[in-house]
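Right, one structure below, let's go through it.
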There are 2 protein chains.
Amino acid sequence: MTDPEPTHDIEAVFREKGIPFTRQRRLIWDFFAGADRAATITEAADGLRSEGVGQATVYRTVALLGDLGLLARVQDRSGEICYTAPPIGHSHPLICGVCRRVVRFDGDGDVKELEARLSAATGFSIYGHHLEVYGICPDCRREEGAQA
Amino acid sequence: MTDPEPTHDIEAVFREKGIPFTRQRRLIWDFFAGADRAATITEAADGLRSEGVGQATVYRTVALLGDLGLLARVQDRSGEICYTAPPIGHSHPLICGVCRRVVRFDGDGDVKELEARLSAATGFSIYGHHLEVYGICPDCRREEGAQA
DNA sequence: CAGCGGTTGAGAACGGTTCTCACACGTCGT
DNA sequence: ACGACGTGTGAGAACCGTTCTCAACCGCTG
Ligand SMILES: [Mn+2]
Ligand SMILES: [Mn+2]
Ligand SMILES: [Zn+2]
Ligand SMILES: [Zn+2]
């Protein structure tokens with residue numbers, strides 16, 4: 001598991017790549033990076049409308065941040081697609097399927113050996129993997145206790 | 001009753017649950033189960049239109065098969081959502097990012113230990129995980145030659 | 001501070017998914 | 001085998017999330 005880490009210096013990333021850094025991009029980044037749980041694009045657009053951010057800009061910026069590796073796409077228990085800002089470096093999300101709270105961990109030690117076996121067995125050249133773990137966080141488990 | 005076969009006896013599953021088994025459901029099942037690679041709903045609908053299967057029925061049936069655990073949702077390199085009929089039992093897909101050919105493997109031995117650590121460290125009750133490995137199959141690698 | 005080129009917002013367009021509803025058909029009791 | 005019932009189905013409309021268009025705006029550089 002990773003510890004509480006500093007977020008990316010997004011302005012520096014943009015400057016380094018020569019990509020204009022706008023008020024909207026900062027707001028959208030802050031929306032995702034400032035949350036401790038994944039959010040949908042619709043939620044971001046709704047939350048930023050009052051700040052004068054258009055929905056097309058939210059879509060464009062989420063795609064841009066995704067390309068830059070600054071936003072990861074995950075999904076909750078209902079299959080809804082959400083985005084979360086990962087810390088620096090490679091990690092995987094442990095997601096509460098109910099409230100979408102995200103805890104990051106590094107599981108590559110477990111996967112690397114598996115990938116080597118797969119490559120040897122199948123002849124595939126492996127270029128990546130996708131690992132998410134789903135659970136119910138203590139808070140949500142408490143609230144769901146009464147029901148099934 | 002006993003099915004030592006590697007593929008699901010879908011008709012028996014339906015009968016056992018008292019769910020009507022129709023011509024369309026057989027066709028849609030065959031479309032996914034008869035392929036060695038994942039396919040999108042759109043592809044299934046296009047491929048079965050000439051058989052007189054409506055697209056609404058394809059959507060409904062894919063959802064139904066998913067609920068029954070007879071179809072697994074995966075995604076290719078571009079993030080496109082596809083479906084593939086897994087063999088009996090729990091497994092994970094190794095997907096060729098180029099042609100979407102799927103090879104299944106059981107990687108739970110590697111994940112189980114990880115999940116135990118995560119559960120202990122976070123207090124989450126873990127109900128599932130999503131693991132896909134991406135690669136290029138030997139055939140596609142040959143066709144593409146060397147690359148970056 | 002002026003000029004350029006990328007970015008933005010409003011709304012239209014687009015396309016995948018779901019809904020509606022009359023009709024067809026699978027299932028089961030007889 | 002037959003008939004009645006209840007579920008499934010197809011065509012097309014509706015719905016809604018996403019992308020596109022384009023004129024105005026603004027961040028960046030000099
Ligand atoms: Mn990893
Ligand atoms: Mn597994
Ligand atoms: Zn939770
Ligand atoms: Zn391939």
Side-chain angles (χ1 to χ4, degrees), chain A residues 9-32 38-68 70-84 100, chain B residues 9-32 38-68 70-76 78-83 100:
Chain A
D9 181 353
I10 188 185
E11 201 165 340
V13 172
F14 274 67
R15 188 172 306 142
E16 190 167 322
K17 304 224 175 205
I19 302 173
F21 189 68
T22 65
R23 183 182 71 89
Q24 290 88 342
R25 285 172 174 170
R26 165 167 296 289
L27 286 166
I28 293 164
W29 167 254
D30 286 348
F31 184 90
F32 288 100
T40 64
I41 289 184
T42 299
E43 288 167 353
D46 289 347
L48 295 173
R49 183 166 300 120
S50 61
E51 305 285 343
V53 180
Q55 68 164 358
T57 299
V58 176
Y59 278 97
R60 286 185 288 233
T61 302
V62 167
L64 174 62
L65 292 171
D67 289 344
L68 293 173
L70 297 171
L71 271 189
R73 184 175 66 179
V74 300
Q75 51 187 162
D76 65 15
R77 191 163 57 169
S78 70
E80 185 123 37
I81 293 182
C82 322
Y83 294 85
T84 178
R100 299 191 208 141
Chain B
D9 180 354
I10 185 185
E11 202 167 338
V13 172
F14 274 66
R15 188 171 306 145
E16 191 168 322
K17 305 223 175 202
I19 302 173
F21 189 69
T22 65
R23 184 182 69 90
Q24 291 87 341
R25 285 172 174 172
R26 167 168 294 289
L27 286 167
I28 292 164
W29 167 254
D30 286 348
F31 183 90
F32 287 101
T40 65
I41 289 184
T42 299
E43 289 168 352
D46 289 347
L48 295 172
R49 181 165 301 120
S50 61
E51 306 283 344
V53 180
Q55 70 165 356
T57 298
V58 177
Y59 278 97
R60 286 185 288 233
T61 302
V62 166
L64 173 63
L65 292 172
D67 288 345
L68 293 173
L70 298 170
L71 270 189
R73 183 175 64 182
V74 301
Q75 47 189 105
D76 65 15
S78 70
E80 184 121 37
I81 292 182
C82 323
Y83 294 85
R100 285 194 289 194

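Lettering of chains follows the sequences in order, A, B, ..., and the numbering in each one begins at 1. The figures here come from the full heavy-atom set of this structure, side chains too, leaving out hydrogens, waters and symmetry mates.
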>> Expressed as a whole number of angstroms, how long is the span from Gln55(B):CD to dT20(C):P?
In response: 16 Å
> Nearest-Å distance, CZ (Arg26(B)) to P (dC25(C))?
Replying inline: 17 Å
> Which listed nucleotide (dA10(C), dG26(C), dT9(D)) is nearest to the side chain of Pro20(B)?
Replying inline: dG26(C)
> Under 4.0 Å between a side-chain N or O of Arg25(B) and OP1 or OP2 of dG8(D)?
Replying inline: yes
> Does the side chain of Arg100(B) come within less than 4.5 Å of Thr40(B)'s, by heavy atoms?
Replying inline: yes
> Between dG17(D) atom C1' and Asp46(A) atom CG, what is the distance in whole Å?
Replying inline: 12 Å
>> By nearest atom, which of the nucleotides dT9(D), dT7(C), dG9(C) is closest to the Ile19(A) side chain?
In response: dT7(C)
> Taking the side chain of Gln24(B) as its heavy atoms from C-beta onward, which of dT18(D), dT27(C), dG10(D) lies nearest to it?
Replying inline: dG10(D)
>> Test your reading of the model: is there a side-chain donor-acceptor pair from Arg25(A) to the backbone of Pro20(A), 3.5 Å cut-off?
In response: yes
> Of all the nucleotides listed (dT18(D), dG10(D), dG9(C)), which has the minimum atom distance to the side chain of Ala56(A)?
Replying inline: dG9(C)
> Taking the side chain of Thr22(A) as its heavy atoms from C-beta onward, which of dT7(C), dG8(D), dG9(C) lies nearest to it?
Replying inline: dT7(C)
>> Taking the side chain as everything from C-beta on, heavy atoms only, tell me whether Leu64(B) gets closer than 4.5 Å to Phe14(B).
In response: yes
>> Nearest whole Å is fine: how far is dG15(C) C1' from Tyr59(A) OH?
In response: 13 Å
> Hey, which of these two, Thr42(B) or Thr61(A), hits DNA chain C nearer its 5' end, going by closest nucleotide?
Replying inline: Thr61(A)
> Given atom CD1 of Ile41(B) and atom P of dG15(C), what is their separation to the nearest angstrom?
Replying inline: 18 Å
> Do Ile10(A) and Leu65(A) come close enough that some side-chain heavy atom pair is under 4.5 Å?
Replying inline: yes
> When you measure from the side chain of Val53(A), which nucleotide among dG9(C), dT8(C), dT18(D) comes out closest?
Replying inline: dG9(C)
> Expressed in angstrom and rounded to an integer, what is the separation of Ile28(A) atom CD1 from dT7(C) atom P?
Replying inline: 12 Å
>> Measuring from the side chain of Thr57(A) (C-beta onward, heavy atoms only), which nucleotide among dT27(C), dT18(C), dT8(C) has the closest atom?
In response: dT8(C)
>> Regarding Gly18(A), tell me which of base, sugar-phosphate or nothing describes its non-hydrogen contacts under 4.0 Å with the strands shown.
In response: nothing
> Please give, in whole Å, the distance from dT7(D) C1' to Lys17(B) NZ?
Replying inline: 18 Å
> Run the side-chain contact (heavy atoms from CB on, under 4.5 Å) check on Glu11(A) and Arg26(A) step by step: do they pass?
Replying inline: CA-CA 8 Å; Glu11(A) 201 165 340; Arg26(A) 165 167 296 289; 2.7 Å; yes
>> If I take atom CZ in residue Arg23(A) and atom P in nucleotide dG27(D), what distance separates them, rounded to the nearest angstrom?
In response: 9 Å
> Any donor-acceptor pair under 3.5 Å between the side chain of Arg60(A) and the base of dG9(C)?
Replying inline: yes
